[in-house]
Amino acid sequence: MMKRTESIREFGGYLNRYVHPSKVCKCEMIFSVFLPPQAENGPVPALYWLSGLTCTDDNARVKAGAQRYAAEHGIAIVFPDTSPRGHDVPDEPERYDLGQGAGFYVNATRAPWSEHYHMYAYVTHELPALLEENLPLLPGVKSVSGHSMGGHGALICALKNPGSFQSVSAFAPICNPVECGWGNACFSAYLGDNRAAWETYDATCLITAGATVGNILIDQGTADEFYDDQQLLPENLAAACKQAGVPLKLRFQEGYDHSYHFIATFIGEHIAYHAGAMRGRS
């Protein structure tokens, strides 16, 4: 059961916020959905937007400017939270890269995280099923995108579920988390010391192991501090895609950083890309 807690009229549609009890995360989860004006006449395709470290559902819906383009193309946008939350949910308050706000889109297997931190199952199965049952969304017609940690999430969701998403894109994604500091810190906490388990949630490793998708679109800013710090490693993903024959369009955007200013600049192109991919299925 989902309860609507907010409804804002914009671009001819509605930006709604909901809360519901999650079975897989074992807590109440909050998410937002933009329904374009076309949804008043029948079900529409949906783009799932996965946000990055420290974010909630609110960041992208306020800062990305995506709803204007979604209304033009007649697609919904789903903004999940980035982790389970609540007083009973484990956290590391002194860290921004672990715990609440940093679910990393994995199904945790190591205590104390394993009871609640199942964001992979949440965004790939529980949430889409809930929304397709309760909102005017076309069953099974969906795409996925995201930023940073959420870009990592978008890539692995598409790669681990062939055919479930019509398209995938990302802004400054963490492309090879087993080889970067963020990934090592979170994967060891959530999944333990078994590197083979880490690799099942790493886009570069998944492609090397044979996973594939029809096409990947990635934008990466050249002035991104986390790119310079070797947290994102898009070249590793590009090399794996080239070796495996997976089509990747990796665009380096001169002078852009890691912020939503970067995302807002190119989000219209990403939404057009996803709308085109989903149009043939709607």
Trainee: Can you name the side chain to side chain donor-acceptor pair (under 3.5 Å) partners of S169, sequence neighbours left out?
Mentor: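 Result, side chain to side chain donor-acceptor pair (under 3.5 Å) vs S169: S145, H270, H274.
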Trainee: Could you tell me whether a side-chain N or O of E126 sits under 3.5 Å from a main-chain N or O of S22, the two making a donor and an acceptor?
Mentor: no
Trainee: Looking at side-chain heavy atoms only, is the closest gap between V168 and L155 below 4.5 Å?
Mentor: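 When only atoms from C-beta onward are counted, L155 and V168 do touch, with a gap below 4.5 Å.
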Trainee: Using distance only, find each side-chain donor-acceptor pair of residues 26-35 under 3.5 Å and give its atom names and separation, not counting sequence neighbours.
Mentor:
from : atom 1 : to  : atom 2 : distance (Å)
S32  : OG     : D57 : OD2    : 2.5
S32  : OG     : R61 : NH1    : 3.3

Trainee: First locate atom CG of L250, then atom NZ of K242, and finally report the distance between them rounded to the nearest 0.5 Å.
Mentor: 13.0 Å
Trainee: Looking at G181, is its backbone amide N or carbonyl O close enough to the side chain of N184 to form a donor-acceptor pair, meaning the two atoms are under 3.5 Å apart?
Mentor: no
Trainee: For Y190 and W113, take the angle between the two ring planes, folded into 0 to 90°, and tell me which bin it lands in: parallel under 30, tilted 30 to 60, perpendicular over 60.
Mentor: perpendicular
Trainee: How about K142 and S164: do any of their side-chain heavy atoms sit closer than 4.5 Å?
Mentor: yes
Trainee: Just wondering, do Q166 and V141 contact through their side chains at under 4.5 Å, heavy atoms?
Mentor: yes
Trainee: Mind checking salt bridge (Lys or Arg N to Asp or Glu O under 4.0 Å) for D91 and listing every partner two or more places apart, or none if nothing turns up?
Mentor: none
Trainee: Using a 4.5 Å cut-off on heavy atoms from C-beta on, say whether the side chain of L137 contacts that of V44.
Mentor: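 Result yes, sub-4.5 Å side-chain heavy-atom pair found.
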Trainee: State plainly whether one hydrophobic cluster holds both I218 and I156, where clusters connect Ile, Leu, Val, Met, Phe, Trp and Tyr through side-chain heavy atoms under 4.5 angstrom apart.
Mentor: yes
Trainee: Quick one: do S7 and N16 satisfy side-chain hydrogen bond (donor to acceptor under 3.5 Å, both in side chains)? Show the steps, please.
Mentor: CA-CA 4 Å; S7 184; N16 298 330; 2.7 Å; yes
Trainee: Determine whether I216 and C241 make a side-chain contact, defined as any pair of heavy atoms from C-beta on separated by less than 4.5 Å.
Mentor: yes
Trainee: Which residues pass the side chain to side chain contact (heavy atoms under 4.5 Å, CB included) test with T5, sequence neighbours left out?
Mentor: R17, V19
Trainee: Atom CG in D81, atom CG in N59: separation rounded to 0.5 Å?
Mentor: 9.5 Å
Trainee: In this structure, would I8 and V78 fall into the same cluster of hydrophobic residues linked by side-chain contacts under 4.5 Å?
Mentor: no
Trainee: Are V62 and F79 side-chain neighbours, meaning at least one heavy-atom pair lies under 4.5 Å?
Mentor: no
Trainee: Counting C-beta onward and ignoring hydrogens, is there a side-chain heavy-atom pair between Y18 and L130 closer than 4.5 Å?
Mentor: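 Sidechains of L130 and Y18: no contact.
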Trainee: Other residues, nucleotides and ligands only: do more than 12 of their heavy atoms fall within 6.0 Å of CG on D88?
Mentor: no
Trainee: For K160 and T200, indicate whether the former's side chain and the latter's backbone hold a donor-acceptor pair under 3.5 Å.
Mentor: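 Pair found, side chain donor or acceptor close to backbone of T200.
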Trainee: Just say parallel, tilted or perpendicular for the rings of H258 and F226, cut-offs at 30° and 60°.
Mentor: perpendicular
Trainee: When you measure from the side chain of N194 to the backbone of A196, do you find a donor-acceptor pair of N or O atoms at a distance under 3.5 Å?
Mentor: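 It does hold such a pair.
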Trainee: Any heavy-atom pair between the side chains of Y201 and L191 that's under 4.5 Å?
Mentor: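 When only atoms from C-beta onward are counted, Y201 and L191 do touch, with a gap below 4.5 Å.
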Trainee: Could you tell me whether the side chain of S143 and the main chain of F165 form a donor-acceptor pair under 3.5 Å?
Mentor: no
Trainee: Please go through L217's hydrophobic cluster and name the other residues, only I, L, V, M, F, W, Y counting, with side-chain heavy atoms under 4.5 Å joining them.
Mentor: Y273
Trainee: Just to verify, what does D219 make a salt bridge (Lys or Arg N to Asp or Glu O under 4.0 Å) with, not counting sequence neighbours?
Mentor: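 Applying salt bridge (Lys or Arg N to Asp or Glu O under 4.0 Å) to D219 gives R251.
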Trainee: Whether the side chain of H152 engages the backbone of C175 through a donor-acceptor N/O pair (distance < 3.5 Å, no angle test) should be reported.
Mentor: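 Not a single qualifying donor-acceptor pair exists.
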Trainee: Going hydrophobic residue to hydrophobic residue with side-chain gaps under 4.5 angstrom, can you get from Y48 over to M149?
Mentor: yes
Trainee: Linking I/L/V/M/F/W/Y whenever any side-chain heavy atoms sit under 4.5 Å apart, do V144 and L135 land together?
Mentor: yes
Trainee: Excluding sequence neighbours, so at least two apart, what forms side chain to side chain contact (heavy atoms under 4.5 Å, CB included) with T265?
Mentor: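 Here the qualifying residues are Y256.
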Trainee: Tell me whether L127 is reachable from L47 by hopping between hydrophobic residues (I, L, V, M, F, W, Y) whose side-chain heavy atoms are closer than 4.5 Å.
Mentor: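 Unlinked, L47 and L127 end up in two clusters.
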Trainee: Atom OG1 in T82, atom CE in M119: separation rounded to 0.5 Å?
Mentor: 6.5 Å
Trainee: I'd like to know if the side chain of Q38 reaches the main chain of I75, judged simply by a donor and an acceptor atom lying under 3.5 Å from each other, with no hydrogens or angles considered.
Mentor: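 Judged by distance alone, no pair lies under 3.5 Å.
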Trainee: Looking only at atom types and distance, does a side-chain atom of E225 sit under 3.5 Å from a main-chain N or O of D257, one as donor and one as acceptor?
Mentor: no
Trainee: Using side chain to side chain contact (heavy atoms under 4.5 Å, CB included) as the criterion, list what pairs up with R195, not counting sequence neighbours.
Mentor: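 Partners of R195 by the side chain to side chain contact (heavy atoms under 4.5 Å, CB included) criterion, ordered by chain and then number, come out as V178, E179, E199.
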Trainee: Connecting only ILVMFWY residues whose side-chain heavy atoms lie within less than 4.5 Å of each other, what is the rest of Y14's hydrophobic cluster?
Mentor: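 In the cluster with Y14 there is nothing else; it is isolated.
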Trainee: Tell me if the centroids of the rings in H20 and Y122 come within less than 6.0 Å of each other.
Mentor: yes
Trainee: Each residue besides L233 in its hydrophobic cluster should be listed here, by chain and number; the cluster joins Ile, Leu, Val, Met, Phe, Trp and Tyr at side-chain heavy-atom distances under 4.5 Å.
Mentor: none
Trainee: For T212, check side chain to side chain contact (heavy atoms under 4.5 Å, CB included) against everything at least two apart and list the hits.
Mentor: V246
Trainee: Quick check on side chain to side chain contact (heavy atoms under 4.5 Å, CB included): which of R95, E94, Q100 does L98 satisfy it with?
Mentor: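 Result for side chain to side chain contact (heavy atoms under 4.5 Å, CB included) with L98: R95.
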Trainee: Would you be so kind as to tabulate the donor-acceptor pairs closer than 3.5 Å made by side chains of residues 102-110, with sequence neighbours excluded?
Mentor:
from : atom 1 : to   : atom 2 : distance (Å)
Y105 : OH     : S51  : N      : 3.3
Y105 : OH     : S51  : O      : 2.8
N107 : OD1    : A121 : N      : 3.0
R110 : NH1    : S188 : O      : 2.7

